[in-house]
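Data first, discussion second: the structure below is written as structure tokens.
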Number of protein chains: 2
Amino acid sequence: MPKETFLNLLPDKRSRIEEAAIDEFIAYPYDAAGINRIVEKAGIPKGSFYQYFEDKKDLYLHLLGRIVERKLEYLAPVMENPFQKEFFSLLREIYGAGLRFALSNPRLQRIGTRILADRNNPVLLEFLAASRGKSDVVFHRLLEAAIARGEIRRDIDIPMSAHLISELSQSVADYYLEREGARYDESYMEYVDRMIDFLRNGIGVPPDRGGQGDPGERHQKPDPPTAEGKDAR
Amino acid sequence: MPKETFLNLLPDKRSRIEEAAIDEFIAYPYDAAGINRIVEKAGIPKGSFYQYFEDKKDLYLHLLGRIVERKLEYLAPVMENPFQKEFFSLLREIYGAGLRFALSNPRLQRIGTRILADRNNPVLLEFLAASRGKSDVVFHRLLEAAIARGEIRRDIDIPMSAHLISELSQSVADYYLEREGARYDESYMEYVDRMIDFLRNGIGVPPDRGGQGDPGERHQKPDPPTAEGKDAR
DNA sequence: CTAGCATGTGACCATACGGTCATATGACCG
DNA sequence: CGGTCATATGACCGTATGGTCACATGCTAG
């Protein structure tokens with residue numbers, strides 16, 4: 001963790017250093033990221049940097065901590081009593097929170113993407129094993145509960161679905177950022193709703209039902225944007 | 001591209017160099033990969049290396065070329081007349097081919113994963129823009145055709161679905177490798193079938209139908225392992 | 001003004017990088 | 001044998017890396 005001297009810095013200077021470091025870790029994977037470029041961009045001498053951090057790894061882990069801390073600010077309110085919520089409306093809130101995080105902190109989101117790519121770097125191993133595995137486990141339990149409540153098909157492959165749902169959370173954010181940039185548009189929940197629809201109903205035409213009329217009404221609709229949930233069954 | 005001297009090498013020596021380079025690019029992102037480690041592992045002097053390749057980029061692009069070349073060997077037979085095949089059975093073949101490639105060439109697959117992480121490296125930009133974008137476009141067209149044939153819901157978000165389908169191809173291979181290692185088991189198509197089921201039917205319980213009996217039969221089944229396709233509708 | 005102490009600072013370290021090049025090697029030809 | 005050629009080789013180059021350290025600076029206390 002950073003040294004006391006770093007915490008005692010003027011907030012302005014402190015954040016100048018953090019921002020410079022974020023830029024660097026967006027542009028380069030861990031091994032290729034350079035302290036020299038960071039201190040230059042931050043406008044501090046190199047010696048000073050080592051007054052603030054033990055080494056490169058110290059800085060990196062500090063940044064990762066800041067990222068998860070920030071992301072949790074978005075996610076925590078949504079994750080209260082998750083087992084009491086209908087699965088898809090919970091998932092909708094989770095994806096929505098993830099997308100709001102990505103839109104409000106696009107640079108942090110990009111580091112997250114970069115990290116996934118660098119996943120076999122020793123520096124990241126413990127950090128990743130903890131946070132990434134956790135996500136799969138949470139969705140696994142949520143799926144089990146939802147199946148028990150009859151909201152989810154009983155015959156799905158739970159670990160695989162949990163894994164995909166967990167991955168798609170990153171995907172929807174990356175996809176939105178790539179398409180729309182960081183324009184913080186009100187329409188962002190439409191992407192989430194389409195994603196939820198994708199997960200809930202699949203893309204195949206429904207197999208049964210005599211009437212072949214209007215496909216739009218044959219599927220469960222996403223929750224209306226304002227409601228808290230609990231529509232289906 | 002490699003110099004003539006490289007092509008004239010004894011096949012044994014040539015592949016020793018390629019294998020060493022593959023190991024290096026699995027272990028490190030492009031910027032951090034080192035020529036010194038490669039030549040050491042390959043057991044050749046550094047000077048010799050530069051008789052064979054212009055520079056690091058030359059070697060890297062050569063390897064990428066080999067990877068796509070190899071992957072196409074698996075994919076090409078499947079992609080003949082793609083518009084004449086039923087969408088989900090084509091998709092099943094595509095995912096199956098991707099998984100067979102990953103299982104037979106796990107180290108090449110891992111480089112592929114690494115590349116995606118390194119996507120904003122200038123060396124990769126043109127290469128990636130071409131191959132990755134293409135994949136989305138192909139699925140986009142296939143989806144349109146399938147919708148016209150009534151195999152796919154008319155109300156899906158086509159670009160998003162194309163993107164997700166394209167991403168999930170990598171996901172299923174990574175997921176399998178992580179769970180089963182490179183054990184080339186006959187069961188690998190079960191993963192593909194579960195993935196296809198996931199895409200076709202979603203994970204939500206079907207919205208309609210009075211009878212609530214056995215969920216397994218309410219959905220369209222994947223093609224039987226041996227058949228070439230065209231079952232549904 | 002002096003002493004003590006936290007903090008700022010950039011020259012400097014060993015090491016490693018990608019890449020070069022003068023020279024050595026060895027095969028073929030006359 | 002001498003000459004010519006492609007190839008093999010590792011010492012070497014400039015540059016950059018992560019990290020260190022002796023010293024400078026400035027604040028507070030006596």
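Just so it is clear: chains get the letters A, B, ... in the order the sequence lines come, proteins before strands, and each one is counted from 1.
- Positionally, the nearest nucleotide of DNA chain D for B:Glu4 lies more toward the 5' end than for the other of A:Ala32 and B:Glu4.
- Rounding to whole angstrom units, CG of residue B:Asp31 and C1' of C:dA16 are separated by 15 Å.
- Regarding contacts with the backbone of C:dG8, a side-chain N or O of A:Tyr52 is found under 4.0 angstrom from either OP1 or OP2.
- Using a 30° and 60° split on the angle between ring planes, B:Phe53 and B:His62 fall in the tilted class, from 30° to 60°.
- Whole-Å rounding puts the B:Phe6 CZ to D:dA6 C1' distance at 17 Å.
- In a base pair of the Watson-Crick type (N1 to N3 plus N6-O4 or O6-N4) or a G-U wobble (N1-O2 and O6-N3), with each distance short of 3.5 Å, C:dG30 is matched with D:dC1.
- We find the CZ-CZ distance between B:Arg119 and A:Arg114 to be 9.5 Å, quoted to the nearest 0.5 Å.
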**Request:** Before giving the answer on side-chain contact (heavy atoms from CB on, under 4.5 Å), spell out for A:Gln51 and A:Phe6 the whole-Å C-alpha distance, their side-chain angles and the decisive distance to 0.1 Å.
**Result:** CA-CA 7 Å; A:Gln51 299 279 355; A:Phe6 181 67; over 6 Å; no
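- Salt bridge annotation for A:Arg16-A:Asp12: present, with a cationic side-chain nitrogen under 4.0 angstrom from a carboxylate oxygen.
- As rounded to whole Å, 14 Å separates atom P of D:dG18 from atom OH of A:Tyr60.
- If you measure from atom CD of B:Glu40 to atom C1' of D:dT9, you get 16 Å, rounded to the nearest angstrom.
- Distances shorter than 4.0 Å separate none of the side-chain N or O atoms of A:Arg37 from OP1 or OP2 on D:dA16.
- With rounding to whole Å, A:Ile44 atom CD1 is found 9 Å from C:dG8 atom P.
- Note on B:Asn8: a side-chain N or O is less than 4.0 Å away from OP1 or OP2 of D:dT7.
- When the side-chain nitrogen and oxygen atoms of A:Thr5 are compared with OP1 and OP2 of C:dT7, none of them lie within a distance under 4.0 Å.
- Put simply, the side chain of A:Leu7 does not reach to within 4.5 Å of the side chain of A:Tyr52, judged on heavy atoms.
- The distance from the CG atom of B:Asp185 to the CD atom of B:Glu190 is 8.0 Å, given to the nearest 0.5 Å.
- If you take NZ of A:Lys3 and P of C:dT7, they are 11 Å apart, rounded to a whole angstrom.
- Rounded to whole angstrom, the span from the CG atom of B:Leu10 across to the C1' atom of D:dA8 amounts to 14 Å.
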Provide a list of protein-nucleic acid N or O atom pairs under 3.5 angstrom, restricted to nucleotides 19-26 of chain D.
residue : atom : partner : partner atom : Å
D:dG19  : OP2  : A:Tyr50 : OH           : 3.2
D:dG19  : OP2  : A:Lys56 : N            : 3.0
D:dG19  : N7   : A:Lys46 : NZ           : 3.3
D:dG19  : O6   : A:Lys46 : NZ           : 3.0

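- No close placement of the A:Tyr188 and A:Tyr176 rings is indicated, their centers lying 6.0 Å or farther apart.
- Across the protein-nucleic acid pair, B:Tyr28 atom OH and C:dA16 atom P stand 11 Å apart, rounded to whole Å.
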